[in-house]
Enquirer: 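To start, I am sharing the structure in question, which I have written as structure tokens.
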Amino acid sequence: MNKSKKYLIEFVLFFTYALFAMSWKAGDMLIAKMGFTASQMAIMTNAINVAKIIGSLSAAGIIAKLGNRKVFSYSTLLIFLGILLPFVNGFPLIFLVRFTLGLGGALVLVTINPIVAKIFSKEELTIVNGLNAVAFNVGLAITLTLASSISSNPSLSIKVISFTLLILTFLWNYISSSIDEGTVLQNSSTHSFTLVDGLKDSFNWIFSLSYCGLLGFYLVSFTFMKPENVKYVIYFGVIGAIVGTIQAKKIENKLNFVRVSAFLQLLSAIGFMVLYNSSAIKFIGMSLGFFIFLPMAAFVTLAFNRPNITPREISVTFSIFWALSYFMSIIIIQAFAFFKDNLGDSSAFIFIVLVEATFFLGTTFFMKNPKKIPEVKTC
């Protein structure tokens, strides 16, 4: 596959997930106008997270049957159905639309990893993984930048986002036809690698659980925190991801880089919550966003850097990774909402900082650096 085709495919992958983030946040703004409590908002956010668990767990099996190209196409159409949110009323229908949106997002997210593992070289993967790790954040950054316009008419914004996604879907179906799905499953041992096999691998558990605290903290931040505070986290998250992607390509010991970043991330999270209502919050938010996303390219690449890893095994790893991460996020978000509604902001903030600390603990005390590997096969 020529270079221009590869990077056009990456463009579609990146902006599809960014548009998913925009649809999610615009939906939050629409729901917020309906006057729901923090606990009700948490349940509606968790409609997406429940769908992500189901989508993540089923993704590897679906990909094995249909191939990455078809699954990605169907997933984008599920995200497109988020366009129905302005037309529904009542909790059950809102939950259903959000669930459908989340299911599409989950399948897109899991499908991206084996696609890029197929078409990019190992050297290119560090850059590509870094880009894809920040796609959601870029979508949020765009949404928050346009927050006043979007919140004034979230229904129109959701429609515009959805139709833009539909255009990308047509582009994907045109440019991805040369992806040879058969090369992913060339031998029976690769084909037979199942979710159960993945669950037997301790790396998948440690990799996933280490990320849970960071993801839970991040989801709570952009769902419940003041937009004027969170926007600095989002903006500098993009900068941190860019810097982290560049550094990850240069650094041999990626796990140590992740560990140092995780420690600085934890310190920033503590400062963000302690100084939440102070004038210094935007500077702490900048630091927090930077260090949340600084290690992401290196962290994600750890999953690709295992001996003799195949695209099929990567799809299983990320099925487990996202399913477990979002399952834990459901618990974290509901617990945060409970603390906020019943015990006040201070208790909720202490809880979420303790949760965030698990990323540092996991990467520091439990994760081991994967051995250096040979090149991942590309098409």
Side-chain angles (χ1 to χ4, degrees), residues 113 125-138 140-141 203 205-222 225 229-275 280-306 317-318 321-322 324-325 328-329 332 352-370 372:
N113 294 292
L125 276 174
T126 301
I127 299 294
V128 172
N129 286 334
L131 285 171
N132 291 335
V134 79
F136 190 89
N137 213 42
V138 168
L140 284 181
F203 173 86
W205 285 96
I206 297 169
F207 183 60
S208 304
L209 289 172
S210 295
Y211 185 68
C212 289
L214 184 155
L215 180 64
F217 178 87
Y218 186 67
L219 291 176
V220 162
S221 296
F222 83 75
M225 306 300 177
N229 289 347
V230 174
K231 68 181 180 181
Y232 296 106
V233 178
I234 305 299
Y235 293 152
F236 276 77
V238 174
I239 297 172
I242 294 170
V243 174
T245 299
I246 295 170
Q247 290 302 311
K249 189 172 177 61
K250 299 177 181 178
I251 294 172
E252 185 70 24
N253 193 328
K254 290 179 173 54
L255 184 54
N256 281 347
F257 178 68
V258 172
R259 287 167 173 166
V260 173
S261 300
F263 178 70
L264 295 172
Q265 178 186 126
L266 177 58
L267 293 181
S268 299
I270 293 170
F272 187 77
M273 294 308 173
V274 171
L275 301 172
I281 188 62
K282 69 178 181 180
F283 300 107
I284 301 298
M286 293 174 187
S287 173
L288 177 60
F290 184 85
F291 288 117
I292 281 180
F293 281 89
L294 183 67
M296 289 313 301
F299 181 72
V300 171
T301 301
L302 294 174
F304 291 77
N305 283 0
R306 291 171 289 166
T317 288
F318 282 95
F321 178 77
W322 290 115
L324 187 56
S325 295
M328 293 302 297
S329 293
I332 292 166
I352 202 61
V353 167
L354 291 174
V355 165
E356 212 283 335
T358 60
F359 182 65
F360 172 69
L361 293 174
T363 56
T364 300
F365 297 104
F366 300 106
M367 287 201 76
K368 295 181 180 179
N369 219 1
K372 199 170 183 179

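No experiment lies behind these values; they were computed from the predicted model shown.
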Enquirer: How long is the gap from CG on Leu219 to CG on Leu214, to the nearest 0.5 Å?
Expert: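 Here the rounded value is 9.5 Å.
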Enquirer: One pair to check against side chain to side chain contact (heavy atoms under 4.5 Å, CB included): Val258 and Met367. What are the steps and the verdict?
Expert: CA-CA 10 Å; Val258 172; Met367 287 201 76; over 6 Å; no
Enquirer: Please state whether the rings of Phe207 and Phe299 are parallel, tilted or perpendicular, taking 30° and 60° as the class boundaries.
Expert: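 Rings of Phe207 and Phe299: parallel, under 30°.
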Enquirer: Run the ring-centre check on Phe290 versus Phe236 and record whether the distance is less than 6.0 Å.
Expert: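 They do not qualify: ring centres at least 6.0 Å apart.
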Enquirer: How many angstroms lie between OG in Ser268 and CG in Leu294, if you round to the nearest 0.5 Å?
Expert: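 One gets 10.5 Å once the value is rounded to the nearest 0.5 Å.
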Enquirer: Atom CZ of Phe203 and atom CG of Leu302: how far apart are they, to the nearest 0.5 Å?
Expert: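 Those atoms lie 5.5 Å apart.
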Enquirer: Show your reasoning for whether side chain to side chain contact (heavy atoms under 4.5 Å, CB included) applies to Met273 and Phe217.
Expert: CA-CA 11 Å; Met273 294 308 173; Phe217 178 87; 3.5 Å; yes
Enquirer: Hey, what do you get for CD1 (Ile242) to CD (Gln247), rounding to the nearest 0.5 Å?
Expert: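 CD of Gln247 is found 13.0 Å from CD1 of Ile242.
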Enquirer: Can you list the steps and then say if Leu209 with Phe366 is a side chain to side chain contact (heavy atoms under 4.5 Å, CB included)?
Expert: CA-CA 10 Å; Leu209 289 172; Phe366 300 106; over 6 Å; no
Enquirer: Below 4.5 Å, heavy atoms only, C-beta onward: do Phe283 and Leu275 meet side chain to side chain?
Expert: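 SC-SC contact between Phe283 and Leu275 ruled out.
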Enquirer: Rounded at 0.5 Å granularity, tell me how far OG1 in Thr364 sits from CG in Leu255.
Expert: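 Reported to 0.5 Å precision, the distance equals 8.0 Å.
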Enquirer: Using the side chain to side chain contact (heavy atoms under 4.5 Å, CB included) rule, take Tyr211 and Met296 through it: C-alpha gap first, then chi angles, then the decisive distance, then the call.
Expert: CA-CA 10 Å; Tyr211 185 68; Met296 289 313 301; 3.4 Å; yes
Enquirer: Between CG of Leu361 and CD of Glu356, what distance do you get to the nearest 0.5 Å?
Expert: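 Spacing of CG (Leu361) from CD (Glu356) equals 10.0 Å.
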Enquirer: Is there a donor-acceptor pair under 3.5 Å between the side chain of Thr363 and the backbone N or O of Phe360?
Expert: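 It does hold such a pair.
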Enquirer: Distance-only, no hydrogens or angles: does the Asn137 side chain make a donor-acceptor pair with backbone N or O of Ile234 under 3.5 Å?
Expert: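 Such a contact is found between Asn137 side chain and Ile234 backbone.
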Enquirer: Is it true that Tyr218 and Phe293 have ring centroids separated by less than 6.0 Å?
Expert: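 They qualify: ring centres under 6.0 Å apart.
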Enquirer: Any non-hydrogen side-chain atom of Phe291 less than 4.5 Å from a side-chain atom of Leu267?
Expert: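 No; the side chains remain at least 4.5 Å from each other.
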